[in-house]
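To start, the structure under review is shown below, and the notes come after it.
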Amino acid sequence: MAATALHQAIGTLYSHGCFHQEHGTASLRLVSNGFRVDIRLLRSESYQSRKRNLVVSQASTSQTSVSNPVSSPSKNATTESRKKSNEAALILIRHGESLWNEKNLFTGCVDVPLTQKGVEEAIAAGKRISYIPVDVIYTSALIRAQMTAMLAMTQHRRKKVPIVMHDESEQAKSWSRIHSEETKKQCIPVVTAWQLNERMYGELQGLNKQETADRYGKEKVHEWRRSYDIPPPNGESLEMCAERAVAYFKEHIEPQFVAGKNVMIAAHGNSLRSIIMYLDKLTSQEVISLELSTGIPMLYIFKEGKFVRRGSPAGPSEAGVYAYTKTLALYRQKLDEKYQ
Ligand SMILES: O=C(O)[C@@H](CO)OP(=O)(O)O
């Protein structure tokens with residue numbers, strides 16, 4: 001009970017923005033839910049500058065043996081420290097509730113739109129990620145994922161315009177060309193890929209989940225829905241879905257992080273499970289018990305070639321989703337200054 005209230009209190013603090021678990025010496029005392037919380041935090045620009053200077057001077061010290069913690073950084077040291085702090089954000093979001101989620105029907109690759117509740121979930125998700133940088137968006141080829149991405153981006157503080165890329169033919173490419181470099185800079189490319197689609201549910205698509213369980217037995221249907229390598233009749237198993245989704249992630253999305261781009265992926269329960277299995281190195285046993293809620297954004301940070309999860313897919317708390325890194329905190333601060 002007390003622990004829950006304490007978690008809520010900490011969540012409230014995180015939801016106010018620029019806190020980071022690992023940094024900071026300035027202390028702040030806040031009272032929430034009856035708890036007094038003393039935290040060390042990264043707070044002011046002057047503190048950040050001092051912290052930056054400190055890091056840089058340590059770097060130059062190791063190279064030159066000259067120690068002056070407040071001296072200006074050398075050019076090399078600055079580049080080095082920038083390299084060190086390089087990180088990129090990855091937001092994963094399962095689409096909001098669809099009309100067939102609402103009706104409890106197997107959906108798979110049937111292209112069903114969001115319900116009103118799904119629209120609201122997507123907007124709420126957008127609010128939660130409105131301070132996280134997004135440079136490129138990937139969605140499945142299905143409208144429920146695309147609606148979710150677009151609706152979420154209506155809430156983003158940066159106010160860039162998400163634009164669906166059409167490169168299915170030379171004509172589509174040329175007819176959708178943008179003729180202003182300035183405008184291009186204010187756009188976020190949205191790449192759609194069938195490989196990120198929901199797993200193909202075969203002969204179950206369109207059937208009611210409860211009626212199917214009544215007909216074939218609860219165990220059989222559970223096996224079709226949640227085993228790793230047993231496909232439903234003429235459909236894809238999670239393993240088959242993972243093969244195409246993860247291959248796409250590795251080939252097309254991972255290079256974006258290496259280039260320092262922040263990525264959002266709007267997709268589906270099973271294509272995202274597959275990607276999370278890869279990112280979190282889950283076993284096939286672990287992945288089958290992973291349930292993703294509709295419209296809840298999850299955050300990963302890519303740094304030094306590794307993905308680190310900062311929001312829990314199982315039940316993200318405010319604190320989990322908003323566990324900002326130093327770079328994200330700075331981004332947020334800049335947006336606040338520019339768009340208040
Ligand atoms: O019907 C579907 O396409 C999926 C996701 O809604 O169902 P399941 O929960 O079995 O993965």
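Order of appearance sets the numbers: ligands from 1, and atoms from 1 within every ligand.
Closest of all the heavy-atom pairs between M153 and I188 is CE-CD1, 3.5 Å. The two residues Q155 and S130 come nearest to each other via the heavy atoms O-CB, 3.3 Å. Minimum interatomic distance between H166 and S176 (heavy atoms only, all atoms of both residues): O-OG, 3.8 Å.
Within the 4.0 Å heavy-atom shell around ligand 1 one does not find H268. Distances shorter than 4.0 angstrom occur between a heavy atom of G108 and an atom of ligand 1. At least one heavy atom of R94 sits closer than 4.0 Å to an atom of ligand 1.
Between Y278 and F249, the ring planes are perpendicular. Angles over 60° get that label, and only those under 30° would be called parallel. Y331 and H156 have tilted rings, their planes meeting at an angle from 30° to 60° on a 0 to 90° scale.
When each atom of ligand 1 is checked for a heavy atom of F106 under 4.0 Å away, the hits are 1 (O). Close contacts of ligand 1 with K209, meaning ligand atoms under 4.0 Å from a residue heavy atom, involve 1 (O), 2 (C), 4 (C), 6 (O), 7 (O), 8 (P), 9 (O). If you number the atoms of ligand 1 from 1 as listed, the ones under 4.0 Å from a heavy atom of T107 come out as 1 (O), 2 (C), 3 (O). With ligand atoms numbered from 1 in the order given, ligand 1 contributes 8 (P), 9 (O), 10 (O) to contacts under 4.0 Å with heavy atoms of R225. Residue R226 has at least one heavy-atom neighbour below 4.0 Å for each of these atoms of ligand 1: 8 (P), 9 (O), 10 (O), 11 (O). Those atoms of ligand 1 with a heavy atom of E198 less than 4.0 angstrom away are 3 (O), 4 (C), 5 (C). If you number the atoms of ligand 1 from 1 as listed, the ones under 4.0 Å from a heavy atom of N101 come out as 6 (O).
Here Y201 has side-chain heavy atoms under 4.0 Å from ligand 1, and that is the only part of it that gets that close.
Geometrically, R199 engages Y201 in a cation-pi contact, judged by NZ or CZ lying under 6.0 Å from the ring centre and within 45° of the ring axis.
Summarising the local packing, CD of E168 is surrounded by more than 12 heavy atoms from other residues, nucleotides or ligands at distances under 6.0 Å.
Taking distance alone, with nitrogen or oxygen atoms compared against 3.5 Å, N270 approaches ligand 1 more closely than that limit.
For the side chain to side chain donor-acceptor pair (under 3.5 Å) condition, the pairs that include at least one residue of residues 223-234, sequence neighbours left out, are E203-N234, K220-E223, R226-E291.
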